Number of protein chains: 2
Amino acid sequence: MGKLLCACDSCRNKLCAKQISIFSSLDGQQLTKIADLIIHKCYKKGELLILEGETMNSLFIINKGQTKAFRNTQDGREQILHLFSEGDFFGERNLLRDQVSNYSVEALEETHVCLIHKHDFQLLVREHPDIALKVMEELCRRLDRLENTVETMGTRTVEARVSSVLLEFADKYGKPHPKGIMIELPLNREGIANYIGLTRETVSRKMSLLQDEGVIEMNGNKKVLIVDRTALERLAE
Amino acid sequence: MGKLLCACDSCRNKLCAKQISIFSSLDGQQLTKIADLIIHKCYKKGELLILEGETMNSLFIINKGQTKAFRNTQDGREQILHLFSEGDFFGERNLLRDQVSNYSVEALEETHVCLIHKHDFQLLVREHPDIALKVMEELCRRLDRLENTVETMGTRTVEARVSSVLLEFADKYGKPHPKGIMIELPLNREGIANYIGLTRETVSRKMSLLQDEGVIEMNGNKKVLIVDRTALERLAE
DNA sequence: CCAAAATCATGCGTTACATCACATTTTTTT
DNA sequence: AAAAAAATGTGATGTAACGCATGATTTTGG
């Protein structure tokens with residue numbers, strides 16, 4: 001289960017840093033310099049990138065694949081806090097203040113990451129203040145999303161929560177489809193339940209209900225077609 | 001209900017900016033320059049500082065008093081997202097990208113704020129990158145808190161939610177007391193309920209229960225004495 | 001200090017979700 | 001392609017929080 005250096009050099013000569021929005025203000029030469037600082041790693045599905053409570057010393061940037069950030073609650077549940085995919089970063093909180101990670105991060109599929117060491121990142125930020133602004137922007141986006149999550153979790157109706165999460169997935173992972181928007185779900189039913197604080201069974205039941213109402217169509221376990229987005233938005237309130 | 005300029009000059013000549021952590025890296029001369037940019041305003045209890053959906057052009061920093069940030073949900077509830085008190089700032093999200101406010105902010109008591117105009121703030125950040133890092137730190141703290149909120153809201157047991165919020169208040173507003181920690185509650189029962197996604201009645205019932213168990217002692221409606229912090233921490237998990 | 005208004009406590013019936021159990025389907029493995 | 005494993009759907013049942021109603025208490029404002 002060792003975390004091996006990535007065998008593929010899919011990005012070593014391709015300036016993967018260029019793809020990443022927080023570096024978007026830099027020019028080619030600066031990016032080349034950054035590329036030299038980056039270490040690449042590759043994780044298989046189910047592998048842990050970060051363990052809650054662990055001391056961190058790098059910023060993780062996802063080059064390919066996706067991960068979930070979660071905590072194991074005392075009552076045995078798993079609460080998923082964030083989903084990270086291509087271009088997202090995490091571990092930033094431990095770069096400013098010395099602090100252990102407050103969640104675990106697990107690969108949901110084969111995931112390739114770029115690592116920048118804490119020290120290098122701090123130098124970069126000093127040299128290019130624009131990076132700090134980009135990071136701030138992303139943190140604000142993340143706050144927005146969490147505020148929405150808190151709002152929907154505070155809402156009593158469970159239908160609204162399920163609808164919200166489907167809309168979120170549609171925006172993030174959805175692809176156009178002749179009959180609507182096709183989503184390749186990043187999580188199974190239990191994962192969705194752990195993301196919005198419900199049980200697997202309740203998510204199942206509500207999704208079946210949405211299908212009966214003609215709002216969505218399930219295609220196997222991993223694909224969902226949003227047929228009537230408007231209805232979903234109305235349900236999500 | 002007009003938002004009048006503050007009559008008191010409690011801070012005009014006292015470099016109120018000095019108190020504010022995001023400016024802590026600046027020296028006296030720089031602070032004086034900032035003080036000139038600041039506009040002071042004063043709001044009475046119940047007044048709105050920001051209305052959800054409003055275009056924003058300033059950063060608000062609380063000099064004295066406290067406020068709640070909230071949204072009115074479609075089902076008629078009010079979801080409180082943040083509590084801000086002395087030294088806290090808000091409105092930052094609208095300074096980076098042009099975006100309307102995604103929550104309303106209301107004064108919970110007489111509140112004095114310092115306002116910095118978007119344009120001035122952006123210049124300041126360019127000139128003093130340390131400010132951006134300080135803002136990032138605060139944003140991270142806020143993310144931490146929201147992540148905790150999501151975790152406790154996802155937890156099924158309501159006792160844990162109530163205990164968590166009491167602990168949060170104890171840390172933020174608690175004062176030492178011979179028998180434990182005395183809290184001056186920033187919110188009434190309904191407010192607490194809207195903060196953690198419960199009903200007023202449920203909060204009432206659970207707090208009565210905690211009192212019966214000898215964990216807390218209520219003193220009128222606005223004061224709570226934490227008698228057994230350990231028990232509360234155990235309940236909060 | 002008193003009266004009015006606001007806030008809080010609590011009993012009770014109802015509802016919605018959790019929980020358990022098991023059949024079924026889908027996915028993975030060989 | 002078949003077998004094994006994993007994930008999902010669904011019914012029955014219990015329970016905990018909601019929602020309403022009402023009386024008690026606390027706070028506010030003159």
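In the text below, chain A, chain B and the rest are named by the order of the sequence lines, each starting its count at 1. Worth saying up front: this structure is predicted, and the values here are computed from it rather than measured.
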Pick out the pairs of N or O atoms, protein on one side and nucleotides 1-4 of chain D on the other, that lie under 3.5 Å.
none

| Over how many whole Å does the gap from K206(B) atom NZ to dA16(D) atom P extend? | 8 Å

| message | A quick test of your reading: do over 12 heavy atoms of other residues, nucleotides or ligands sit less than 6.0 Å from NZ of K45(B)? | response | no

| request: Identify whether any heavy atom of M218(B) sits under 4.0 Å from a base atom; if not, whether one sits that close to sugar-phosphate; answer base, sugar-phosphate or nothing. | output: sugar-phosphate

| Derivation and outcome, side-chain hydrogen bond (donor to acceptor under 3.5 Å, both in side chains), residues N194(B) and R189(B) | CA-CA 9 Å; N194(B) 290 338; R189(B) 300 290 179 276; over 6 Å; no

| task | Compare the minimum distances between each of dT27(D), dT10(D), dA17(D) and the side chain of S208(A), then state the nucleotide with the smallest one. | result | dT10(D)

| note | Taking five pairs at each terminus, the helix from dC1(C)-dG30(D) to dT30(C)-dA1(D) shows an axis bend, to 10°, of 70°

| task | Could you tell me whether S204(A) contacts a base, only the sugar-phosphate backbone, or nothing, with contacts defined as non-hydrogen atoms closer than 4.0 Å? | result | base

| request: Decide whether N188(A) and N221(A) meet the rule of one side-chain donor and one side-chain acceptor closer than 3.5 Å. | output: no

| message | On the nucleotide dT27(D), are OP1 or OP2 found under 4.0 Å from the side-chain N or O atoms that K223(B) carries? | response | no

| Going 5' to 3' along DNA chain C, which nucleotides are the first and last within contact of chain A (any atom under 4.0 Å from a heavy atom)? | dC17(C) to dT28(C)

| Modelled atom types, side-chain donor and acceptor of T149(B) and R145(B), under 3.5 Å | yes

